[in-house]
2 protein chains.
Amino acid sequence: MEQRDGDLADPTNLTDPTDPSDLWTISRLAEEHGVTLRTIRHYEDVGLLSPARRGSQRLYDARQRIRLQLVLRGKRLGFSLPEIATIVNMYDEQPGEAGQLRYLLDQIEVRRAELEQMRRDIDETMTELDRVAARCHEDLARLA
Amino acid sequence: MEQRDGDLADPTNLTDPTDPSDLWTISRLAEEHGVTLRTIRHYEDVGLLSPARRGSQRLYDARQRIRLQLVLRGKRLGFSLPEIATIVNMYDEQPGEAGQLRYLLDQIEVRRAELEQMRRDIDETMTELDRVAARCHEDLARLA
DNA sequence: GCTTACGTTGACGTAAGCGTAAACCCGACC
DNA sequence: GGTCGGGTTTACGCTTACGTCAACGTAAGC
C-alpha cells in the first residue's frame with residue numbers, strides 16, 4: 001500500500017486521523033499470515049471475522065488480527081470452521097447466566113478431551129516415525 | 001455375521017479352513033472402529049487398504065486392520081487422505097536405495113515438524129481454555 | 001483524465017471425503 | 001423356492017473450504 005508507505009514517510013500522519021499502526025488492510029493481513037484475500041473474506045462470510053469499514057474497505061484492528069490467528073491455529077489443528085467458530089467465540093463471550101456458563105464449561109471439557117486425544121495420537125505417531133527413521137539409518141549404514 | 005457366530009459355536013471350525021479369529025469382514029471391521037462400510041471401501045479406492053478376497057468378499061487380516069487404525073489416527077490429526085497415504089506407506093517401505101532412504105528421512109522430518117507445531121498449538125489452546133474456564137467459574141461464583 | 005494499484009461484490013468451479021440409492025449376487029434358513 | 005442378511009459394484013449427490021474469474025469502485029500519481 002503506497003498510502004501506508006506515505007504514512008511512514010509522514011510522521012505527522014496528516015493523511016489519516018486514526019493511527020494506522022494499529023490497523024491492517026486485507027492485503028497486509030493476508031500477506032502477514034500467508035493466506036489469500038479470498039480466505040479472509042470467506043472467514044468473514046462465515047462469521048469468524050467482522051472488520052470495521054472505511055467506506056467499503058475492510059480495516060482490521062488488533063482484535064480482529066488476533067481472531068484470525070486463532071482461526072489459523074484451529075485450522076492447523078484440523079478443526080472445521082464451524083468448530084473453530086464455537087471455540088473462538090468462547091474467548092469473548094459475555095458472562096451470561098448460569099445455564100450458559102455451565103454449557104460453556106461442558107464445551108470446554110469436550111474440546112479439552114479432543115486435544116488430549118490428539119496429544120496421544122501425536123506421541124504415538126512420533127515414536128513410530130522414530131522407529132522408521134532408525135530403520136532408515138540402519139539400511140543406509142548397511143549400504144555404505 | 002451369523003457365519004462368525006457359527007464359527008464361535010463350532011470350535012472345530014469346519015466352515016472355514018483359515019483361522020477366522022485373524023480375519024475380519026468389512027462389517028465387523030467398520031463396527032469395531034465406528035466407521036461406515038462406505039468409508040472403508042473408499043479407503044480401498046484411494047489405495048489406503050487392500051484386503052484379501054474370498055470370491056468378491058473382502059477379508060481383512062491383522063495387517064490391514066492396523067493400517068485402518070493408522071489411517072483413522074491420521075484423520076484425527078487432521079491429515080488429508082493423500083498425506084496419510086505417504087505416512088502410512090512409510091511404515092512398510094522396502095529398504096530401497098540410498099536416495100530413496102534419504103528422501104524418506106526428509107519426509108519424516110517434515111512430518112515431525114508438523115506434529116511439533118501441532119503440539120505447540122494444542123498447548124496454547126489448552127492454556128487459553130483454562131483461562132476461559134477459570135473466568136466461567138468466577139462468574140458462576142459471583143452469581144451464587 | 002488516464003493509468004495503476006488496491007479494493008469491492010457476486011457467482012460459478014473444484015477437490016476431498018464420504019452419503020446414499022439402485023441393482024445385483026450368494027449362502028442360509030424355513 | 002422364496003426371502004432373509006449379509007456382501008458387491010456403479011454412480012450420482014452433497015458439503016466444506018476455498019479458487020477463480022468478471023465487472024466494478026476508488027484513491028494516488030503523472
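- Distance B/Leu72 CG to C/dG17 P: 13 Å, rounded to the nearest Å.
- Within residues 81-90 of chain B, no residue has any heavy atom under 4.0 Å from DNA chain D.
- The side chain of A/Thr39 contributes an N or O atom lying less than 4.0 Å from OP1 or OP2 of D/dG19.
- Contact annotation: A/Arg41 side-chain N/O to C/dT8 OP1/OP2 distance is under 4.0 Å.
- In this structure, B/Glu31 does not pair ionically with B/Arg28, as no charged nitrogen and carboxylate oxygen lie closer than 4.0 Å.
- With respect to B/Arg119 and B/Glu116, no salt bridge is recorded, no charged nitrogen being found less than 4.0 Å from a carboxylate O.
- Contact annotation: A/Arg58 reaches the phosphate of C/dT9 (side-chain N/O to OP1 or OP2, under 4.0 Å).
- Of the candidate nucleotides D/dG7, C/dC18, C/dA11, C/dA11 has the atom lying nearest to any side-chain atom of A/Arg38.
- A/Lys75 has a side-chain polar atom (N or O) that falls below the 4.0 Å cut-off from OP1 or OP2 of D/dC18.
- Here the shortest heavy-atom pairing between B/Met90 and A/Val132 reads O-CG1, 3.9 Å.
- Between B/Arg76 and A/Glu124 there is no salt bridge, since no side-chain N of the basic residue sits under 4.0 Å from a carboxylate O of the acidic one.
- When all heavy atoms of A/Ala98 and B/Leu143 are compared, the pair lying nearest together is N-CD1, 3.7 Å.
- What separates CG of B/Leu49 from C1' of C/dC18 is a distance of 14 Å, to the nearest Å.
- In this structure, B/Leu48 places its CG atom 10 Å from P of C/dC18, rounding to the nearest Å.
- Rounded to whole Å, the distance from CG on B/Leu29 to P on D/dG7 is 11 Å.
- Note: CD1 (B/Ile40) to C1' (D/dG6) measures 15 Å, nearest angstrom.
- Here the CG atom belonging to A/Leu68 is positioned 4.5 Å from the CG atom belonging to A/Leu72, to the nearest 0.5 angstrom.
- Within the structure, every side-chain polar atom (N or O) of B/Thr36 is placed at least 4.0 Å from both OP1 and OP2 of C/dC18.
- Atom NE2 of B/His42 is separated from atom P of C/dA15 by 14 Å (rounded to the nearest Å).
- The listed nucleotides are D/dG7, C/dT9, C/dG19; the one nearest the side chain of B/Gln57 is D/dG7.
- Atoms CG (B/Asp45) and P (C/dC18) sit 12 Å apart, rounded to a whole Å.
- OP1 or OP2 of D/dT9 sits under 4.0 Å from a side-chain N or O of B/Arg53.
- For C/dG17, the OP1/OP2 oxygens have no side-chain nitrogen or oxygen of B/Tyr43 closer than 4.0 Å.
- Looking at every heavy atom in both residues, B/Ile84 comes nearest to B/Gly74 through CD1-C, 3.6 Å.
- Checking B/Ser80 against B/Ser56, the closest nucleotide of DNA chain C that is more toward the 5' end is the one next to B/Ser80.
- Side chains of A/Arg58 and A/Glu44 form a contact here, defined as non-hydrogen atoms less than 4.5 Å apart.
- Remark: the B/Arg120 side chain and the B/Gln117 side chain contain an N/O donor-acceptor pair separated by less than 3.5 Å.
- Remark: DNA chain D takes part in the stems C:1-30 with D:1-30, each of 3 or more antiparallel Watson-Crick or G-U pairs, criterion distances under 3.5 Å.
- Rounded to whole Å, atom P of D/dG5 lies 19 Å from atom CD1 of B/Ile26.
- Residues A/Arg135 and B/Tyr91 share a closest heavy-atom pair of NH1-O, 3.2 Å.
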